[in-house]
Asker: 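Mind having a look at this structure? Questions to follow.
Order of appearance sets the numbers: ligands from 1, and atoms from 1 within every ligand. The basis for the numbers below is simple: all heavy atoms, side chains too, and nothing from hydrogens, waters or symmetry mates. FYI, the numbering just counts along the sequence from 1.
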Amino acid sequence: MYKNIFDSHAHYNDKAFDIDRTELLGSLEESGICGVINCGADLKSSKESATLSNKYDFMYFACGIHPEEVDNLPYDYLDTLRALSEEKKCIAIGEIGLDYYWRQDNKELQKKIFVEQILLAKELSLPIIVHSRDAHEDTLSILKEYKPQGVLHCFSGSVETAKEVLKLGMYIGLGGAVTFKNAKKPVEVAEFLPLDRLLLETDCPYMAPVPMRGKRNDSSFIPYVAEKIGEVKGIEPQIIIDNVTENTRKLFGI
Ligand SMILES: [Zn+2]
């Protein structure tokens, strides 16, 4: 039984949790969870994250516009995010970034919204939570230019890209993908990554780790990820978890 587990990326507002959200969140502390960051993906889910975080001592939230949600934003979306950021459980702007896996026809718009939110985070002295899929080159060049603090969540890049991220002083979030049978890059990154730059996450309800792959994910599955990273690095999983929690608290000022 592990303790002191911090899940740095969850979506408990998702409808996948409608059926048992209260029971599940009420049971997380018994599963050893000490903290959860619920991430917004658009204005609606950012507001839902704020509401949810007020109900649980262990829950914090990030507000932001995900790259898949950049169409038809209200002209004053940054003002809405700024107002949400003033709530006391808001600890980051996220998740924000670039996703060229789903769409390549709006790259310029994705970049514009990403940069606008980075500038907002810098204005507010908040870290960012970055989503980057099939867009590592553009993501890195924007991060290099604007130098925000934060984490690249569900990191899917190579060791070479990870080195660039570390040079910027940023953290790398790993989750269920490191346990997948076909995982090569995430395992290499887990092996290489210094313990003081690692965060753990679920991205729940998605990305459940083996042996729960395909099921609905939740924070109580994080030990499977810690065990896999522990195996790769030759370190006790609880030591991984303890270091990650310290990193998470440091990055987000919790
Ligand atoms: Zn997410």
Asker: Could you tell me the angle subtended at the Zn ion (ligand 1) by NE2 of His9 and OE2 of Glu95, rounded to 10°?
Answerer: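 Computed angle, vertex at the Zn ion (ligand 1), rounded to 10 degrees: 90°.
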
Asker: Verify, without hydrogens or angle tests, whether Thr179 (side chain) and Val210 (backbone) share a donor-acceptor contact under 3.5 angstrom.
Answerer: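 The answer is yes, because a donor-acceptor pair under 3.5 Å joins these two groups.
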
Asker: So does His11 have any N/O/S atom less than 2.8 Å away from the Zn ion (ligand 1)?
Answerer: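 Yes, since at least one N, O or S atom of His11 sits under 2.8 Å from the Zn ion (ligand 1).
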
Asker: Compute both the distance and the angle, then confirm whether Lys107 meets the cation-pi test with Tyr100: under 6.0 Å from the six-membered ring centre, within 45 degrees of the axis.
Answerer: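 Judged by the rule, Lys107 and Tyr100 form a cation-pi pair.
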
Asker: Starting from the Zn ion (ligand 1), look over the N/O/S atoms of Asp203 and name the nearest one.
Answerer: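 Minimum-distance N/O/S atom of Asp203 relative to the Zn ion (ligand 1) is OD1.
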
Asker: Less than 4.0 angstrom from a charged side-chain N to a carboxylate O is my criterion; do Asp42 and Lys44 meet it?
Answerer: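 A salt bridge is absent here (no side-chain N lies under 4.0 Å from a carboxylate O).
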
Asker: Does this structure show an ion pair linking Glu246 with Lys250, if we count only N-O contacts that are shorter than 4.0 Å?
Answerer: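 Not counted as a salt bridge, because no side-chain N and carboxylate O are separated by less than 4.0 Å.
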
